Structure formats: structure tokens, C-alpha cells
Amino acid sequence: MFQFKLVLLGDSSVGKSSIVYRFVKNSFDEFRESTIGAAFLSQTIKVKESDDGEETVIKFEIWDTAGQERYKSLAPMYYRNANAALVVYDVTQQDSLVKAQSWVNELKNKVGDDDLVICLVGNKVDLCDEDAEDNKRAVGTEEARSYANEQNLLFYEVSAKTGLNVQQIFQSIGEKLFET
Ligand code: GTP
Ligand code: MG
């Protein structure tokens, strides 16, 4: 079995813990408490090893960091030696994308992107409905996608609440890690 260390980074309340809980326990909590320090969870998935359909099990050791500013200095402890990083923003908060971009810069400076698979994740797409009067989207899909392409990041828009695309994040990271 292959083991990979994965870290989540991003502003407070963008939904990092909610994404992890959806992935690991397939559950969602409207009133999740803000993470203190960091939390550790693990989960295994199967990835296709070759075109003939052979599958390999990989285990993610997941460090869910706290986004509050006072914990910022702890982050290097968690992204050091990481194989993958989810850099999460909230599609309804433009500021959270700016924060995500600064995490991407820090990762590239401190870890280097040869060794690290980075996935940019826009969460809370359930709050977006282009046709509704109360559409809460503040960050356009194409804006984020073109930034991700420029920086050579994987990119997903997801909802921890509905589960949309959450499994796919980890699946595509797993495949990418397995390629390298
Ligand atoms: P810190 O631990 O402080 O860094 O925050 P976090 O990034 O872990 O955020 P958390 O998962 O605690 O979620 C913050 C709030 O957003 C909670 O009230 C969640 O219920 C809510 N939330 C998370 N994901 C979603 C989502 O996909 N859709 C909606 N509508 N709300 C979400
Ligand atoms: Mg949290």
C-alpha cells in the first residue's frame, strides 16, 4: 500500500474541515467548529494502476490545518514533507481566493512544486445559482481555472455540503501522485 501525506490550507471558514469530513465520513455539519491547531484523519482510495484496469490502494494521511491567523505559523510543520496540498477558497468570498494564492506562493517557495501536487479547490458551489436572485458567487469559475492553469495546479469547484466533486479531488490527486 502506498501512503501519501496531504495537507489542507486556506482561510478560516472556507470549508477545509467540511471537505475532509465529507471525504472521510461522508457527512456534513452546518455548525462545524473552527479547527484549533490542526486535525489528523486518514482515508484510503483505489486508483487505477494501468489501462488494463488493475487497481492499487493508496492511503492519504490528512492534516487539516486551522485557517485562523493566529495559527498561521504552525502551517510549515504540516506542509513540510507533504506529497499533496489542497488549497481551499470559498467561491462566495473573493478575499479567500487572494489568501489561497498566497498559500500557493508559499508552498512553491518553501516546498517546491517538483515534489508537491497542489490542487486549488473552490468550495460552497451549492450557494451559487446563476439564475437565482440570491446567487452568492463572487469568484468566477474561469477566473480561478485560468489562475490554476497558469500555476500548473489541479482545479475543482466542489460542495462539501452536497458532496459534489469531493471524491474527485482525491481521486485525481491519487492518480497524479501515482504517475510521478
Ligand atoms: P477553520 O477550521 O477555521 O480553518 O475553517 P474551515 O476551513 O475548516 O471551515 P469549516 O469546514 O469549519 O466550515 C465553515 C462553515 O462553512 C461551517 O459552518 C460549514 O457548515 C460551512 N460550509 C462548509 N462547506 C460548505 C459548503 O460546501 N456549502 C455550504 N453552504 N456551507 C459550507
Ligand atoms: Mg477547520
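Worth saying up front: this structure is predicted, and the values here are computed from it rather than measured. If you read the sequence from its start, that first residue is 1, and numbering goes on from there. Counting starts at 1 for both ligands and their atoms, following the listed order.
Under the 4.5 Å side-chain heavy-atom criterion for Ile, Leu, Val, Met, Phe, Trp and Tyr, I45 and M1 are members of distinct hydrophobic clusters.
Geometric assessment of K108 against the ring of W103 yields a negative cation-pi assignment under the 6.0 Å and 45° thresholds.
Close N/O approach between Q68 and ligand 1 is not found [any backbone or side-chain N/O within under 3.5 Å]. Note: an N/O pair closer than 3.5 Å links G67 and ligand 1 by distance alone.
When all heavy atoms are compared, the tightest approach of D126 to S159 is OD1-OG, 2.8 Å.
Residue contacts with ligand 1, taken as heavy atom pairs separated by less than 4.0 Å, do not involve T162 at all. With a 4.0 Å cut-off on non-hydrogen atoms, V14 touches ligand 1 through its backbone as well as its side chain. Heavy atoms of V125 found under 4.0 angstrom from ligand 1: none, in either backbone or side chain. Residue contacts with ligand 1, taken as heavy atom pairs separated by less than 4.0 Å, involve S17 via backbone and side-chain atoms alike.
Interface atoms of ligand 1 facing K161, defined by a heavy-atom separation under 4.0 Å, are 26 (C), 27 (O), 28 (N), 30 (N). Listed by atom number, the atoms of ligand 1 under 4.0 Å from L127 heavy atoms are 30 (N). Close contacts of ligand 1 with D29, meaning ligand atoms under 4.0 Å from a residue heavy atom, involve 19 (C), 20 (O). Distances below 4.0 Å separate heavy atoms of D126 from the following atoms of ligand 1: 26 (C), 27 (O), 28 (N), 29 (C), 30 (N). Distances below 4.0 Å separate heavy atoms of A160 from the following atoms of ligand 1: 24 (N), 27 (O). Taking a cut-off of under 4.0 Å to the non-hydrogen atoms of T35, the atoms of ligand 1 that pass are 1 (P), 2 (O), 3 (O). The ligand atoms of ligand 1 that sit less than 4.0 angstrom from a heavy atom of S159 are 27 (O).
By the 4.0 Å heavy-atom criterion, G10 is excluded from the residues contacting ligand 1. By the 4.0 Å heavy-atom criterion, F28 is counted among the residues contacting ligand 1.
Other residues, nucleotides and ligands contribute at most 12 non-hydrogen atoms within 6.0 Å of the CZ atom of R80. In the displayed structure, E133 atom CD is contacted under 6.0 Å by at most 12 heavy atoms of other residues, nucleotides or ligands.
The residue from V125, D129, L127 that alone fulfils the side-chain contact (heavy atoms from CB on, under 4.5 Å) condition with R137 is V125. Exactly one of L8, I19, L86 qualifies for a side-chain contact (heavy atoms from CB on, under 4.5 Å) with I62. That residue is L8.
Contact annotation: S18 places no N, O or S atom under 2.8 Å from the Mg ion (ligand 2). Inclusion of T35 in the first shell of the Mg ion (ligand 2) is supported: an N, O or S atom falls under 2.8 Å.
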- Please test F28 against Y21 for ring-ring contact (aromatic ring centres under 6.0 Å, His included), starting from the C-alpha separation and ending with a verdict. CA-CA 7 Å; F28 178 76; Y21 272 76; over 10 Å; no
- Evaluate the criterion side-chain hydrogen bond (donor to acceptor under 3.5 Å, both in side chains) for residue pair Q94 and E143; output intermediate values, then yes/no. CA-CA 11 Å; Q94 183 74 44; E143 176 191 353; 3.3 Å; yes
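Scanning the protein heavy atoms around atom 5 (O) of ligand 1, the nearest turns out to be S13 N, 2.9 Å. The protein non-hydrogen atom at the shortest distance from atom 24 (N) of ligand 1 is N123 ND2, 3.1 Å. The protein atom (non-hydrogen) at minimum distance from atom 6 (P) of ligand 1 is K16 N, 3.5 Å. For atom 9 (O) of ligand 1, the closest heavy atom belonging to the protein is G15 N, 3.1 Å.
In the model, R22 has a side-chain atom that pairs as donor or acceptor with a side-chain atom of N26 under 3.5 Å. D11 and S96 share no side-chain donor-acceptor pair at under 3.5 Å.
Side-chain contact between K5 and F60 is absent, with no heavy-atom pair separated by less than 4.5 Å.
Between K72 and E106 a salt bridge is recorded (basic side-chain N to carboxylate O distance below 4.0 Å).
Among R32, E33, E30, K124, the residue whose heavy atom lies closest to atom 25 (C) of ligand 1 is K124. One option in S18, S34, S12 has a heavy atom closer to atom 10 (P) of ligand 1 than any other, and that option is S18.
Under a 3.5 Å cut-off, the side chain of Q43 and the backbone N or O of F23 do form a donor-acceptor pair.
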